[in-house]
Structure formats: C-alpha cells, structure tokens
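I have a structure here, written as structure tokens, and I will follow up with some questions on it.
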Amino acid sequence: MQSNIQRIEVTPRVGGGLRDVRGDTIKSQLKTDHNLEITEVRSILGYQINQELSKDQLTKVVDELFTDPVIEIGCFNSSILDNKNAFTDTPEAVITVGFKPGVTDNRASAALDGFTTIFPDLGKDVKISTSISYVFFGLGDVDLNWLSDQLHNSLIEIALIADSNDCAIGDWPEIQFPELKDIEYAAPSTIDLNVSDEELIEISEKGLLALNLEEMKAIQQNYLDKDVQARRKELGLPPDKPTDVELECLAQSWSEHCKHKIFAARINHVDTETGENSVIDSLFKTYIMQPALDMQQEVNWLLSLFHDNSGVIEWTPEWSLCMKAETHNSPSALDPFGGAMTGIVGVNRDILGTGLGARPIANTDVFCFGPPDYDDHLPEGLFHPSRVMRGVHAGVRAGGNESGIPTVNGAIVFDERYIGKPLVYCGTVGILPRHLPDGRESHIKTPEPGNLIYMVGGRVGSDGIHGATFSSLELTDESPSSAVQIGDPITQKKMVDMLLEARDLGYIEVITDNGAGGLSSSIGEMAELTGGANLDLSKVPLKQLGLSPWEILVSESQERMTVGVDEKNKQAFEELAKLHEVEATIVGEFTNSGTFLVNYGNDVVADLPIEYLHDGCPQLNLESEWTPPIHKSIIFKEKTSPEEMGNILQRLIARPNIASKEWWVRSYDHEVIGQSVIKPFGGVNHDAPGDAAVIAPIPGETKGTVISCGIVPRYSDIDAYAMAAASVDEAVRNAVCVGVDLSRIAGLDNFCWPDPVQSKKTPDGRFKLAQLVRANRALEDVCRAYSLPCISGKDSMKNDATLDGEKISVPPTLLFSLMGNHEDVRKAISSDFKNTGDAIYLVGETKQELGASELAYMLQEETEGVSGIGGNVPSIDPERNLSVYKALTKAMHAGLVESAHDCSDGGLSVTIAESCFGIDAGAKIDISSLDSFDDKLDSWGALFGESLGRIVVSINPKNIQAFEEIMVAVAHQNIGEVGNNDDLVIMKNDTKILTASITKLREAWKGTLDGGSAK
Amino acid sequence: MSVKVAILTGFGINCDRETAAVFEMAGATSERIHVNRLVNGEVNLQDYHIMAVPGGFSFGDHLGSGRLMGNRLRFGLREQVRQFVNDKKPIIGICNGFQVLVKMGLLPGDDDISFEQTASLTLNDSGHYEDRWVTLEFDDNSHCIWTKGLKRMRVPVRHGEGKFVTNDKKLLDKWDKSGQLVVRYVDPNQQYPSKSDELLPYPLSPNSSWRNIAGVCDPTGLVFGLMPHPEANHSTWLGATWTRENLDHGEGEGMAMFHNAVNYAKSQFSIND
C-alpha cells in the first residue's frame, strides 16, 4: 500500500428491495452486446485520498460523504470484498478500473469538493482519485483480458484483474494513485527553417503541425523579411527563425480545422459528363457565404453572419437566437465517451462565446456509426460500433443532461463505412437578449485596446495538445492519446452561470471559447478586433507544473472561456467569479500594436503580426473531376404477395436507420427549461417519432422556434448533389411538418468528408473533391430557392482511418440543421394520426426514385450484392416543393390539419406506419392515383421510393373541402383513411398489394435498437 | 408586497429559471439566488416566504444524487433552514432538489428537524436516466400544503436516481399514516383513486420506487419534495399528448401546486397584492 494514501470503498446494499443497479446494467449490456450470460455482477466504487487522516476523520468522510447510509456500505483502508455483510460469497473475478494520471476524473473533483465542505481547512493539497470494480459471480468460461478490454479504454484507463485464484485467497486488485508528475520545463527553442524542402516536411510531420510544404515555405519566407527581422531583434527574439511557440501558434491558426483550407481553396473543376472545365475560387465564399450575404440584403433579421462563433438571427423584438453545430469525430473514435462529451460541452461554449454571451437552450445530436450488429472484420485499434455508440451516447447524455440543456432533436445513421471514424455532430441553439441592460446590442462584441484578458473556467494541462492539428490528419495507429479529453460539465455549468450574470451586469466586452487551438486561437482571433494583444503565459493557471510555453498556448484543455473586461469592472468581475467558485485569471490585455505578443514572464516568446497570423496562409490549389459512378440496378422480386410486401415493410422498418431510437433518445433530457412543445416522441403511447422539435423558450409565451435536421449520406453513392439537396429538403420538410414560419428559417451546413485532396494515399481525391463541389452547388441552389441562409457551418475534411494497413473512408456526409420561427406554438402539428376516419393525404409528387434508397440497400444486403442500388436518386425541384410547403403551412395555420409526417427513409409505407403507431391503429390506403406524376411509377416506387418534397397529412372529414381549396394549386392526393383496428392495408387498382399488422410492425421497429435495460 | 420566493441556484442546479417562472405565473416574486449568497450572509433566507430547491445535476451527482449539495446546505444553512420551517414557511425540492432534501435529512424528516437521513433515492431499477411522462396521484388525506385538493397530474420525470427507499420499512407505514407519502405513480388507465402500495410495472412507475412513491412531505406538511417536474407542465402546450386533446389553452396541470403554496403564503403571512 502506498504511504499517505487513504483508500475508501463503497458498494450498494443488496436484497430486501435494494439492488446493485450499476452491476445489473453491466450484466445486461454484456448480454445485449456479446450474448454473455453472467449470474451476477456487483460494483464497488473506490476512492483514494493522498492525505494523512485520523481514524475519526476517515470515519466522518466515509459516513457523511462517500457512503449513503441507507443504500450503501462503505469502509476505509480495508477491502469491502472481505466484508461478509457486503459480499457473502467469494467472487470468480474482479476487474478494477482506474484513470491514468492526468485524465479528467469528474467523480474525484466532486469528491474533493465534498471533502472540502466537511474539512474546509484540510483541503488545500488534498488530491483524490477514483476507481470502479466489477465483481463477477457465475461468469463461466470467459477470457478475463477480453472482458477487461470491454470494461475499460486502455488509452485513458488502467484495469487490474483478480482471477478466481486471486479471489480465493483474497488478493484483490489495488490501483495505484495516479499521481500526475510535474514535467520538466523546456524553455522555448527555435526552429531553423533555412533547410531543404524535405526537411521542412519532416519538421511539420514530426511536430504534428499538419502544414504542407507551401505553408512551411510561407513561414520560412516570413522570417527572411528584413522588417520582421529588425523588429524581432528589438524584442530579443531570434531574428531569422521562429520560436517553437510561434510555429505551433501558426500551425494551429493555419490548421484545416481552424482555417478550412479546402473550402477556401482554388479548385479546378472538370465534369467529364458535361465537358465543364472551370475554376472555383473558394467553395465557402461562392456557395455558402455569398448566397447568405445576398439574402441578408433582403431581410432585416439576419443580425450576424460568419464572423462570430455562431450566426445570430433576430427572433422577437426582445430576443435573438443563434445556432452552431460542430463535429468531434477523431476524439470520439479514440474515446467515444470523452470525445462525444467534449463535443457537446464544446459547442455549448461556441454559443456562450457568441456576441457578448448567449445562453444555450437546446442541443441537437446526430451520429453516424457502423452497424450495431456488425460482424465482419474489424481492423485492430477500432472499437466495435456498438461500443462506440454506447460510449458516444453516454458522453452526450452526461454532457447535455448535467449542463441542463435539453437535447431536442437528432438522428442516428448507420453505414459500414463509419466504423473507421464515427461522425459525432453536436449542435446547440442559444438565446440572447437583443439589448443588454446597459443598452449594448448583445450580438456585437465591443473590445477596446486596454481591456484585460481573462481566462475563465478550467485550468490548462497537457490534455488536448494538438487537437486541432490532429483532427486535420487521418486517424492512424500512432494518434496521440493527449488528443483525448473528458469534459467536465459541472465546471462548465458554474462558468456559464457566472458569465451570463457578468454579461447582464455589463462586465463583458468580448468573449470567445477556448476550443481548437486553445489560447492561441481564442486570443489570436479576438486580437483581430482591436488590432493586437499581449499575453503572458506564466500567468495561466496550470493543472500540471512544468508545461512549456508552446504547450500552454495551444493546449485545448476544456471548460475555458477567454473574456475581455474593462479595467473599471475588474474587481466586480473577480468577486462574481469567486462567488460562483469559478477561476478567473488575468493573462494579458488587448492592444492596437498590430501584433500578438506573447511573453513567458519577462521573456518574449512569440511575436506574430496579426495580419500575417490570419491571412498569411497560402491558398491551396486543388483538382476536381466528376464522372458519375456506375451501379448495378435493383432487382425486384416479381409477383410479391401482399403478405410478403408486408414482410418487406417489416424488415425495412426494423433496419437500424429507420428503427426506433426511443431507448437512446429518452435518456437525454429533452424537457429541461420547460419549453418543449413538440417532443421527440408523441402519440397515444408516447412512442411515435416526431419530425422536428418545437420549443417555446419564454415561459408562458406562445411564440416558438423550430429545430430540425436532414441527413442522407446514402445518396452520395450516386450523386453528392442529390445527397446535399435531399439533406436540405429533409430539414425544411421536417420543419414544415410542425408548422414552421417559412419566412424566417436559417440553416447550418456541417460537411464531413473523406480527404478530397489527390495524393498517393488518396488516389481518388479528384472524385471526392468533385463530390464536394456538387454538394456545395446543391446547397446553394436549394438554399436560395428556399430563402434559407446558412448562418453557421463547419467542415471536417479528413474522415479517414488507416489502421492495420486498411483505409476506411466515410461516405460524403452533409448534416443540414435548421432553426426557424414558429408564430404560435398552440398551432403546432404532431406526426401521429389523431382520429379513426380522418382522411389521409399525400402532398407532393411521387416519382420512380428508388436509387440509393433504404430499400435498395436492404435488397443489396439480402441478396449479398446481386441486387444493386442503382436507379434514379431522388431529384429536387425546390420551387415546386416550396409552393407545396407554403400551401400546407397555410392549411395548418387555418387549423385544417390533424397530423403531418415527413416522407423520407423507407418512403410512404414507413411514414404511414409511423403515423399509425401514434394512434395505435392501422389505415386503409389506396395508391392507384400516385402514378399521375410519373407513368413509370410502380408499386415498389410508390411504397418505398423516397421522392423529396412529400408529407403525409391527416384531415378531419369535415375539413376536407377547405383543405382541398387551399391545396388546389399544388400536388395533393387523398390516399385513404385512418383505420380502427390493427391492420394496415394498401390497395392499388382494387387489389391488395400490402398487408401488415401495426402491432408487429411496431415490435420490429422497436426491437432493433432496444439498448438493454437492467432487468 | 407580494409573496417572495427564494430559488436556489449554482453548482449544477439547472431548472432554476422555469422554477422561478412558475412561481411568478402563480403571482409571486421569484429571485434566483446562488447558494453561496445565502451561506455567506449576503442574502438572508428569512426575507423570503417560500424556498425552492430546483432540479439539476448539483455537483454532477457524482457521489450520489443530491448528496454534495445536501451537505453544503446541511453544513452551511442548517439553522437558516430550520428557522424557515419553524416560521411555517413552505419549501419544495423538485427532482435533484428532492434528492438534496432527502440526503440532508429534511425529508421525510422528523419533528425535531434533526437533519438525520432516513430515506434515500437510488438508481432506477431500469439502470438508466430517462425522460418520460408519468401520471401522479395525490393523497387527499395529506396535510401537505403543496398538494391540497390535487387529484391527478401528468408531468415528466427526468432522472436516473428516483427510486425512493428507506432502511427501516416500518417508517413507511408511519409516514403513510401521517400523510407524508403524498404522491404516487399510478396507471392513468385505472379509475381515480387507484394509488396503491403494490409495485406498478415499468414504465408506469419509471424507477420501481417503493410503494410507487414519487414524492413525500415532512411532518409539518410544509416541506415537500418530488421526483417528477410539475414546473415543466406550466402551460397546456407543454403536455405529452396535448396535440391529441381538445384544449382551452392556458395554464398546465403542474401549476396547481405552485398556486397552493403561494395562496398558503398569502394567507399565512397576510399578504395582499
């Protein structure tokens, strides 16, 4: 036993109505995920305190802090496994998991806080660490090393195993206290860039700088400039070479992650189909920014675009809204829990860092994973998709729930190509008052030279160094563990509470978050507003002594904001921080000197001209070439009976992409803040899926906002133009279903692409870039047609994993998120059918469009590739769709629509089944008239095709005439009525073509992704 | 003068805004007050008529839900809270706030207000956190001032640790007799009254709480706590199935509880506004 370390163990009491639910959950998940039968799993929470404590003191902390006397048994400096009151039998195995040194341990931070409450005078140098032990009974023949691997992540945790022999003699695992040793301080060094091109590349690669040759040369050139050299001499910096601090700062600022170099590149685009050969000067400026700026000319509600952490729109005269979505893919591949949690709390900070500070009021989470039942070869170094899913979900759950921000909308998409890198999109909506009490408009930052720069929140450690540059590289076996972090929602929640109070008191002049690139990015970016900043890295509070200046500058340690405060508010700001128990430290000041001047104490360690830092990165030149891919056609079985058709629907609805996500979604709090109008699930049994969230953020007021999303990566296999168009249309359609005000909608584009830069590693880079070009063109075309500006967006362009020599690239994926106004939430519409006998209408046109449909992929899998996915991918006619949406919206506002549900994955038959779930009854449908828009439409296309622009609505018979009058100019077809029994019957030309039981469909739909509750 | 409500905030409490809002909607004046402002004496609890400990994840619930916040209050506000109850002023704890009041021993409590913990809220039998709507039924014999006249109410639960248990089962009978087991989960398809000690199946009872207990009060009926969130159903358009119902829009079912407390305070402290 280590000296001075006090060990405390706590286990739940069991029996008499009490259970060890933590153990039961592990047992149930091992059964669900691995079909492992274990008689019993018990759990023990361990704590170590590195402080001499008397017996009395120990008894006090065990009784009053660590153990709940009603439900737990605790002990100190002995093993609870030897306590016969807790464990009557000898276990077969015990696995104890603890953290590696330096990994965020939130339970330990809470314990330390609790310890300080009890012993306020002892707390100063006390450190606490935690562990958890799993105790197995009736384990059978299981490889304990394998089991231990399922229970911990060796990147951040260590696990110790006691096998049955150890257990028999009571030799229990004992984790060592994870002491974080101070590291040896390395003074700033300089890097000689007057070297060969090969050596420049080597410097970039070895240093994880992710800079290409041209960029390295641009840096090299800067230090040859005579004026630069003269100024450097004056400051005492090496005149002709960068310091490591400068090189790291440039690498962060110029990283793909921060600079979006591919979206800013000059692209030579060739289309072999049309003969086009053209040059595109920045995808971002051409297809995203320009359309939004044009739309800004037309309306008065687009308050802030493209220059802040998120875009801001006016919502009411008193309030504005902002929204941002981010991805956290690479960290989530390495540590799903920590990576995802960091993703959600990170995007929350983007909102807090918008304007003078916005309050996060809603989260959205969209994930792309490998199939949960994947049983093919898994390259070494990858987690099974089901484990990635559990981890990501748990991380987002903890991050969102503990922060008190409801998760209101999202999606989960499955595809084998996401096993290398999962996509973890986290979005947040924020609200901010139009004006602060002091009269300032809160979406405008107001920094002045002389403002003090505070770092607020968490401390800086070696966790999260090189996150931005790492995400700009593909995932390999050597990916650094320091890129992984675990969020600390409570530290952040305290900071959010404090900063919003400070905002309303008028203390904040400028605020931004410390995300990618750490202080180098946050201060570097804000310095642009005043024209300079001074930073003293020796003032920055550290988790770990000895960090080098460059590490402090680029560390991405979480839960930190950078805030500019006027000198006159210094004392009040610091007192407020103290009250909230939030650390706030002055680390520098804003200037108008024209440079970002960084000190470490008295030593100058970096001096970077602001203009060079932000605009010095050379533009990439890239090649793009489009040739449409060729796919095998879908093979349909001839003469399919109505029952077989019903079975096909049942298999389709059970596919992970369509199946109910209720088990997962319900463990997010979607109702905190008391604003949830349209929830993720509705209907008589609260299990029918909603289309979009509607929230009414101001208590008692009926004006609302709509939040929806669209994502259809499958279509990229045929054409990324169709993919992007369908994503935008789906987001809009979902919003229309709940009654959005189409005159005030705003979008977010989040691209996740495989590396589209042609190279030896990426021989198909030109094609992937052409896919990106096409997706961007669709984005512009559709957004302009819908008057839907993209107010924020983000791209992640290296979603490839090379492991075991295998490269796995994600399919080109665009997540389109939408935020829109809702004039009166009392008129919001839900997706569930309401009354037996209501007429069912399909609005919009149906075409024979089964290419890359969910059905096509199902048939491909079922025939082991004999059937293909080729065919017409859903095409878009946004003007036509918009007129349908507008007419339907009018009918909704007139109170004529009982339900509305979006037609997407799986087509019409799936949509109808889902609306049926909401009333717990079937429907009688007749699709005979559907082919009026496409004479090639067959039953497959009518039932399962995914044509865009379509919504299934139900209408009370008494309103049919009024409804028809409003819809007269747009496509709408009466296709049946809501039934009164369990049968779904679909007819065509007086013949039954599909019959199914709603109960059975529902069971299949709910069964696939039932996450496994403790039983 | 109006009824003044102290809404505690800080350290991960996160339902403070809507809890403040519902008291305002019920005609009171709410103030969100950081716990430390009460502990350091900057604000005096005795200046308020009602105290609410809202839901949230105080200190991340890492050492058991509500435990650390319970200790903060037990160590820092002990006498102020005791005085508050002795002054016949109502206290409510919702979700995490309920957990805090139970862990600090104020609920179900005793006549001496001794802050001895006699019950707990432990992990749901389902093993996971969950947001879903439930139906509650109230004990109409209870003297709890918060639930007077209430029969049933539909509200969401949003918790992972809501199973009410005790280490002495005899206490349950005692509390039942004294009207302290104020609110239970029930099956909405059963006729009122249907509350029962027999365990309801999941998810009618979302956590397998003993005797389907969703909330309890102290011997005085002034201090009340419950796991579900009445403040989340403050308006009709926030209900789980409101789009299926023919409603006159306005206040939601959850508001009755807050009206009760505000009306009680008005009459107890002769406040006319």
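Keep in mind it's a predicted model, so treat the numbers as computed, not measured.
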Practice item. Give a yes-or-no answer on whether the side chains of A/D68 and B/S120 include a donor-acceptor pair shorter than 3.5 Å. Key: yes
Practice item. Counting only heavy atoms closer than 4.5 Å, note whether A/S403 contacts chain B via side chain, backbone, both or neither. Key: backbone
Check your understanding: Which heavy atom of B/W242 sits nearest a heavy atom of A/I678, and at what distance?
Key ->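 B/W242 and A/I678 have their closest heavy atoms at CZ2-CD1, 4.4 Å.
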Study note, to complete from the structure: Checked B/G12, B/G254, B/G60 vs chain A; the most non-hydrogen pairs under 4.5 Å come from B/G60
Check your understanding: Looking at A/M498, A/R666, A/E898, which has the largest count of heavy-atom pairs under 4.5 Å with chain B?
Key ->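 The residue among A/M498, A/R666, A/E898 with the greatest pair count is A/R666.
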Point to revise | Proximal component of B/R74, with respect to chain A [non-hydrogen, under 4.5 Å] | key: side chain
Review point. Among B/G64, B/G76, B/C15, B/A119, who wins on heavy-atom pairs under 4.5 Å with chain A?
Key: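 If we count pairs closer than 4.5 Å to chain A, B/A119 comes out on top.
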Exercise for review: Indicate yes or no: at least one non-hydrogen side-chain atom of A/E501 is less than 4.5 angstrom from one of B/H34.
Suggested key: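 In short, these two side chains do not touch, never coming nearer than 4.5 Å.
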Review point. Measuring heavy-atom distances to chain B, does A/D20 have an atom under 4.5 Å in its side chain, in its backbone, in both, or in neither?
Key: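 For A/D20, no heavy atom lies under 4.5 Å from chain B.
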Revision key, fill the gap. Residue from B/T236, B/L63, B/D168, B/L123 scoring the most non-hydrogen pairs under 4.5 Å with chain A is B/L63
**Study point:** Approximate separation, where rounding is to 0.5 Å, of A/K834 NZ and B/E245 CD
**Key:**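 Reported value, rounded in 0.5 Å steps: 11.0 Å.
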Check your understanding: Which pair of heavy atoms, one from A/G114 and one from B/L68, lies closest together, and at what distance?
Key -> CA-CD2, 3.6 Å
Check your understanding: Within a strict 4.5 Å, meaning less than it, do heavy atoms of the A/I71 and B/V165 side chains meet?
Key ->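 Yes, side chains in contact.
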Review point. Contact part of B/R67 toward chain A, heavy-atom cut-off under 4.5 Å: side chain, backbone, both or neither?
Key: side chain
Exercise for review: Against chain B, work out which of A/P69, A/S899, A/P489 has the most heavy-atom pairs shorter than 4.5 Å and name it.
Suggested key: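 With the most close heavy-atom pairs to chain B, the winner is A/P69.
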Point to revise | Pairwise side-chain contact, A/V672 with B/E18, heavy-atom cut-off 4.5 Å (strictly under) | key: yes
Practice item. For chain B, find which of A/N835, A/V825, A/D497 contributes the most heavy-atom pairs closer than 4.5 angstrom. Key: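 Ranked by contacts with chain B, first place is A/V825.
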Exercise for review: Rounded to the nearest 0.5 Å, what's the gap from CD on A/E671 to CG on B/N233? Could you check?
Suggested key: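 Separation between the atoms: 9.0 Å.
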Check your understanding: Using a distance-only test with no angle check, is there a side-chain donor-acceptor pair under 3.5 angstrom linking B/D131 and A/H670?
Key -> yes
**Study point:** Proximity breakdown for A/L45 and chain B, heavy-atom pairs closer than 4.5 Å
**Key:**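 No part of it gets close to chain B.
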Exercise for review: Name the region of A/N401, side chain, backbone, both or neither, that has any atom closer than 4.5 Å to a heavy atom of chain B.
Suggested key: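 Both parts, backbone and side chain.
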**Study point:** Contacting region of B/T19 [heavy-atom separation from chain A under 4.5 Å]
**Key:** neither
Practice item. Quick one: which of A/P12, A/A398, A/A828 has the most heavy-atom pairs under 4.5 Å with chain B, could you say? Key: A/A828
Review point. Closest approach of A/A110 and B/F59, non-hydrogen atoms and distance?
Key: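 Heavy atoms of A/A110 and B/F59 come nearest at CB-O, 3.8 Å.
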Exercise for review: Heavy-atom distances under 4.5 Å only: say whether A/Q29 touches chain B with side chain, backbone, both or neither.
Suggested key: neither
Review point. Pick one: which of A/H580, A/E581, A/K578 meets side chain to side chain donor-acceptor pair (under 3.5 Å) with B/N36?
Key: A/E581
Exercise for review: Mind running salt bridge (Lys or Arg N to Asp or Glu O under 4.0 Å) on A/D113 and B/R72 for me, showing each step along the way?
Suggested key: CA-CA 10 Å; A/D113 195 288; B/R72 285 262 186 151; 2.8 Å; yes
Exercise for review: Using non-hydrogen atoms and a 4.5 Å limit, figure out which bit of B/E251 sits close to chain A: side chain, backbone, both or neither.
Suggested key: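 The answer is neither part of B/E251.
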Check your understanding: So, B/R244 side chain and A/I919 main chain: donor-acceptor pair closer than 3.5 Å or not?
Key -> no
Review point. Picking from A/G683, A/P680, A/S109, A/A108, which has the most non-hydrogen pairs under 4.5 angstrom with chain B?
Key: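 Looking at each option in turn, the highest pair count goes to A/G683.
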Check your understanding: When you check the side-chain N and O atoms of B/W237 and A/Q675, is any donor under 3.5 Å from an acceptor?
Key ->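 There is no such pair (donor and acceptor under 3.5 Å, judged by atom type) between the side chains of B/W237 and A/Q675.
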Check your understanding: Between the main-chain N or O of B/A240 and the side-chain N or O of A/H686, is there a donor-acceptor pair closer than 3.5 Å?
Key -> no
Check your understanding: Roughly how far apart are A/K493 NZ and B/I13 CD1, rounded to 0.5 Å?
Key -> 9.0 Å
Exercise for review: Measure B/F75 against the heavy atoms of chain A and call it side chain, backbone, both or neither at under 4.5 Å.
Suggested key: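 Side chain only.
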Review point. Could you go step by step and tell me if A/R22 and B/E161 meet the salt bridge (Lys or Arg N to Asp or Glu O under 4.0 Å) rule?
Key: CA-CA 11 Å; A/R22 216 175 285 113; B/E161 298 178 50; over 6 Å; no
Exercise for review: Look up atom CG in B/N14 and atom CD1 in A/I673, then write down how far apart they are to the nearest 0.5 Å.
Suggested key: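 So the CG of B/N14 and the CD1 of A/I673 are separated by 8.0 Å.
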Check your understanding: Is it the side chain or the backbone of A/L65 that comes within 4.5 Å of chain B heavy atoms, both, or neither?
Key ->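 Answer is both: backbone and side chain atoms of A/L65 are under 4.5 Å from chain B.
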Practice item. Name the region of A/S676, side chain, backbone, both or neither, that has any atom closer than 4.5 Å to a heavy atom of chain B. Key: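 Contact with chain B: backbone only.
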Point to revise | chain B contact via A/V684 - which portion, at a heavy-atom distance below 4.5 Å | key: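 Contact with chain B: backbone and side chain both.
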Check your understanding: Under a 4.5 Å heavy-atom cut-off, does chain B meet the side chain of A/K494, its backbone, both or neither?
Key -> side chain
**Study point:** Among B/R158, B/M69, B/K169, residue most engaged with chain A (heavy-atom pairs, under 4.5 Å)
**Key:**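 Top count of heavy-atom pairs under 4.5 Å with chain A: B/R158.
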Exercise for review: Look up atom CZ in A/R19 and atom OG in B/S208, then write down how far apart they are to the nearest 0.5 Å.
Suggested key: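 Rounded to the nearest 0.5 Å, the CZ-OG separation comes to 7.0 Å.
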**Study point:** Over all atoms of both residues, closest heavy-atom pair of B/G239 and A/K679
**Key:**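 Smallest interatomic distance, heavy atoms only, reads O-CE, 3.2 Å.
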**Study point:** Contact class of B/L199 relative to chain A, heavy atoms under 4.5 angstrom
**Key:** neither
Review point. Of the backbone (N, CA, C, O) and the side chain (C-beta and beyond), which part of A/D669 lies under 4.5 Å from a heavy atom of chain B, both, or neither?
Key: both
Exercise for review: Give me the ring orientation class for A/W663 and B/H128: parallel if the planes are under 30° apart, tilted from 30 to 60°, perpendicular past 60°.
Suggested key: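 The rings of A/W663 and B/H128 sit tilted, inter-plane angle from 30° to 60°.
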Revision key, fill the gap. Pair count under 4.5 Å, heavy atoms only, with chain B: among A/I829, A/D488, A/T67, highest is A/T67
Review point. Quick one: CG on B/N40 to CG on A/L579, what's the gap to the nearest 0.5 Å?
Key: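 Here the interatomic distance stands at 6.5 Å.
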Practice item. May I ask you to check whether A/E64 and B/N71 show a side-chain donor-acceptor distance below 3.5 Å? Key: no
Revision key, fill the gap. Closest non-hydrogen atoms of A/V70 and B/Q117, given as atom of the first, atom of the second and distance, are CG2-NE2, 3.7 Å
Check your understanding: What part of A/Y47 gets closer than 4.5 Å to chain B, counting heavy atoms only: side chain, backbone, both or neither?
Key ->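 For A/Y47, the side chain is the part near chain B, not the backbone.
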